[in-house]
Undergrad: 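What follows is a single structure, and I will ask about it in a moment.
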There are 2 protein chains.
Amino acid sequence: MSNRPPTLDEVAQRAGVSTGTASRVINNAQHVSAKARQAVERAVEELGYVPNVAGRSLASQRRGAVVLAISSDDPALFANLFFAEVITGVNAVIEETDLQLMLVLAASERGRDRLARLLQSRSADGVMLLALRENDPLSKLADESGVPVVHGGRSLDRTPRWYVDADNRGGARQAVEHLIGIGRQRIATITGQLDLHVGVNRYLGYREALALAGLDDSRVAHGDFGEASGVAGMTRLLDEHPDLDAVFVASDAMAAGALTVLRDRGKAVPEDIAVVGFNDVVTAQHTQPRLTTVHQPIEALGREMTRMLVRLVNGERPTPLILPTELVIRESA
Amino acid sequence: MSNRPPTLDEVAQRAGVSTGTASRVINNAQHVSAKARQAVERAVEELGYVPNVAGRSLASQRRGAVVLAISSDDPALFANLFFAEVITGVNAVIEETDLQLMLVLAASERGRDRLARLLQSRSADGVMLLALRENDPLSKLADESGVPVVHGGRSLDRTPRWYVDADNRGGARQAVEHLIGIGRQRIATITGQLDLHVGVNRYLGYREALALAGLDDSRVAHGDFGEASGVAGMTRLLDEHPDLDAVFVASDAMAAGALTVLRDRGKAVPEDIAVVGFNDVVTAQHTQPRLTTVHQPIEALGREMTRMLVRLVNGERPTPLILPTELVIRESA
DNA sequence: GTGAAAGCGCTAACAC
DNA sequence: GTGTTAGCGCTTTCAC
């Protein structure tokens, strides 16, 4: 059991200066003589002084911490790479600051309550909110809490003041333009939920690309991003539009489902029907054939959200950001 | 911009009681009349009072937060499911408490420094340390910091006072016993690094099972848990022990490598050679044939580490825990 | 450039 | 059962 850590007062005393001066040195403020500075630095060294965060917070009204909150209905959502990648990005930026990172996984009602309290109690200097649902009440709560809030992604109902999002629409357009580029003319799509911002925007990107090329955009099946709905969607498309020669699928999971249908129906990919997915999850490299897909900059999302929040905490006014996506061409298209 | 949040004093005044009484109610302590309690509760409600953590920390000498620290040389390590699963488990327990969770990813030297400072400054009431390297200096530092430390996994050099670990040895034994149970007699193994606790223990489990059955345990190749070393190990085993009829591989990644070798050599799995892996990562379900493997209770690890730490923070003295693993039987054995 | 002192909001010890 | 009060360790204002 180690002793009580030294206080600033003790450091000051040891250095033969006042507490005020010691404090100035610690926070490397102006108006300190080189002599005093050195004396304090020596004392800090000798005593092994580390500032007490609680005292500091109380006096300075700053917390020295930000929270990353992930709100979702689906606990399984955490258990995937997306999550790990975001955190890796967040951590990379946090490491360069003096801030601590608090993590709140708000999958349950209870978790959401805790997050709400956290926000109200101003235990953090800022919040990054990855609200994976539409109309998440947390979103409003966070904005009202008085601390800076950076959103990851957008929702249909309201555009947050500060957010970082991936260019879903542009990515989708790029994917479809690729299909057009390799000579496809009858291009279908399987969409995600159209009550989600991502769902709508990937669909809009699809239509945009076809409109620009003067092609028909009526070969549409609606899914929910899950593999099963990819199976269902592909089946329906094949039945209703037997002439299609390509399909843009709004998620890799659905694309994986679609591929199994195509195989069962004896369609060669990409010869008969070219397939492009979206997300670039690991499994995209393991499908048969390997999936051409739109890569999402997930780690960058975490990084940029954090950078934005740090700026806000420092009193700067950053602007929202939309991160480019990238088409990864493999065998399926 | 909302107003300054109300203080306890204001709540007390509104309720017509003293600050002391208000504090007692907030922390639901003894010795408060029902009347006073109600009055305070109403005032809290009306004013929307939420305790200020900094003030509380300073006065109570408790932080109300614990940290989960993941120390590793390999940044890529975070980017996997293991990580997400552990956190999910940790979060589940944290949610039931008033504690906040701080996350420190200490992949870089800098990250490790930050963690060290965090520990020294006692910004947290406890630490969970997932030190994924042997001889991690952090391990010592954490123990010396004076706050309770719960370790995830063990290392060869020292057994921590409090830890949660998976039963690597038992899992390995179980795997090999399964091979014996399906009639195999000439069972080989591909080990992981033998300078890692997990590596040694899975190897010991292998030897234990064979010793108990009176079988030969000399068919051994040493790998490093990576896929490439699985390829090399299997090749060597096949060359040196052409008679083997089963192999226990200490990781799924190595097992995947081994399977490709067996396929190339025209060996049928499991008919000619049965294969069992370890870890039960997602890809184990996607190998050809699907891999029989030992499932690691990763989420449970996170959960139990947290439970243990919470007990420690509350002044209880829990005991170390070794979590059982489970054999998942698929096609490969 | 430096020191003194007044809090920041809360808990806990003590007196009643 | 309740009120009073002295800090917890730090920042910050204000004199000097």
Side-chain angles (χ1 to χ4, degrees), chain A residues 3-41 43-44 47-65 98 117 120-125 146, chain B residues 3-41 43-44 47-65 98 100 117 120-125 146 315:
Chain A
N3 277 321
R4 182 184 54 74
T7 67
L8 226 207
D9 281 345
E10 288 160 5
V11 170
Q13 198 174 342
R14 171 93 167 217
V17 301
S18 70
T19 319
T21 298
S23 174
R24 284 171 202 124
V25 173
I26 299 293
N27 301 292
N28 47 71
Q30 260 81 6
H31 308 303
V32 186
S33 66
K35 184 156 161 293
R37 169 157 274 130
Q38 281 172 18
V40 172
E41 276 163 357
V44 164
L47 265 37
Y49 172 74
V50 178
N52 176 312
V53 269
R56 174 177 290 196
S57 297
L58 189 56
S60 69
Q61 305 285 39
R62 261 178 269 108
R63 297 292 152 254
D98 292 323
R117 288 187 70 77
Q120 291 165 38
S121 70
R122 308 213 183 163
S123 324
D125 296 323
Chain B
N3 276 321
R4 182 183 56 76
T7 67
L8 226 208
D9 281 344
E10 287 161 5
V11 169
Q13 199 174 341
R14 172 91 166 218
V17 301
S18 70
T19 319
T21 299
S23 174
R24 284 171 202 123
V25 173
I26 300 293
N27 300 292
N28 48 70
Q30 260 81 5
H31 308 302
V32 186
S33 68
K35 186 156 159 294
R37 168 156 275 130
Q38 282 172 19
V40 172
E41 277 163 356
V44 165
L47 266 36
Y49 173 75
V50 178
N52 177 312
V53 269
R56 174 178 292 200
S57 297
L58 190 55
S60 68
Q61 304 285 40
R62 261 178 268 109
R63 297 291 152 252
D98 292 323
Q100 294 296 339
R117 287 188 71 75
Q120 290 166 39
S121 70
R122 308 215 183 161
S123 324
D125 296 322

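A quick note: this is a predicted structure, and the numbers were derived from the prediction, not measured. Lettering follows sequence order; numbering is per chain, from 1. Both backbone and side-chain heavy atoms feed into the values below; hydrogens, waters and symmetry mates do not.
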Undergrad: Can you tell me the distance, in whole Å, between the CD atom of B:Gln38 and the P atom of D:dG1?
TA: 15 Å
Undergrad: Closest to the A:Leu58 side chain: C:dC8, D:dT12, D:dG3?
TA: C:dC8
Undergrad: Just by distance, do the side chain of A:Gln38 and the backbone of A:Lys35 share a donor-acceptor pair under 3.5 Å?
TA: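 The answer is no, because no donor-acceptor pair under 3.5 Å joins these two groups.
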Undergrad: Would you mind telling me which of C:dC14, C:dG1, D:dT11 lies closest to the side-chain atoms of B:Arg24?
TA: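 Among the listed nucleotides, the one closest to the side chain of B:Arg24 is C:dC14.
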Undergrad: Look at all strands and tell whether B:Arg37 reaches a base, only sugar-phosphate, or nothing, counting heavy atoms closer than 4.0 Å.
TA: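 Here B:Arg37 touches no strand at all.
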Undergrad: Between A:Leu58 and A:Arg63, what is the shortest heavy-atom contact and its length?
TA: N-NH1, 4.4 Å
Undergrad: Please state whether the phosphate of C:dT11, meaning OP1 or OP2, lies under 4.0 angstrom from any side-chain nitrogen or oxygen of B:Arg56.
TA: yes
Undergrad: Look at the side chain of A:Thr19 and decide which nucleotide, out of C:dA12, C:dT2, D:dT11, has an atom nearest to it.
TA: D:dT11
Undergrad: Going by modelled atom types, is there a donor-acceptor pair between the base of C:dG9 and the side chain of B:Arg4 at under 3.5 Å?
TA: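 Flag unset: no donor-acceptor pair detected.
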Undergrad: Using a 4.0 Å heavy-atom cut-off, does B:Ala36 contact any base of the nucleic acid, only the sugar-phosphate backbone, or nothing at all?
TA: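 Here B:Ala36 touches the backbone only, sparing every base.
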Undergrad: Any base atoms under 4.0 Å from A:Thr7, or only sugar-phosphate, or nothing? Heavy atoms, all strands.
TA: sugar-phosphate
Undergrad: Kindly point out which of D:dT11, D:dT2, D:dC14 is positioned nearest to the side chain of A:Ser23?
TA: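 Nearest to the side chain of A:Ser23 among the choices is D:dT11.
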Undergrad: Look at all strands and tell whether A:Gln61 reaches a base, only sugar-phosphate, or nothing, counting heavy atoms closer than 4.0 Å.
TA: sugar-phosphate
Undergrad: Do the side-chain N or O atoms of A:Arg62 get closer than 4.0 angstrom to the phosphate oxygens (OP1, OP2) of D:dT12?
TA: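 The answer is yes; a side-chain N or O of A:Arg62 sits under 4.0 Å from OP1 or OP2.
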Undergrad: Does A:Asn27 put a side-chain nitrogen or oxygen below 4.0 Å from OP1 or OP2 of D:dT11?
TA: yes
Undergrad: Just compare C:dT2, D:dT11, C:dT11 and give me whichever is closest to any side-chain atom of B:Leu8.
TA: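 Closest of the options to the side chain of B:Leu8: C:dT11.
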Undergrad: Between D:dC10, D:dG3, C:dC10, which nucleotide has the shortest distance from any of its atoms to the side chain of B:Ala59?
TA: C:dC10
Undergrad: Mind checking A:Val53 for me? I need base, sugar-phosphate or nothing, with any heavy atom below 4.0 Å counting as a touch.
TA: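 Nothing: the residue A:Val53, judged by heavy atoms under 4.0 Å, touches no strand.
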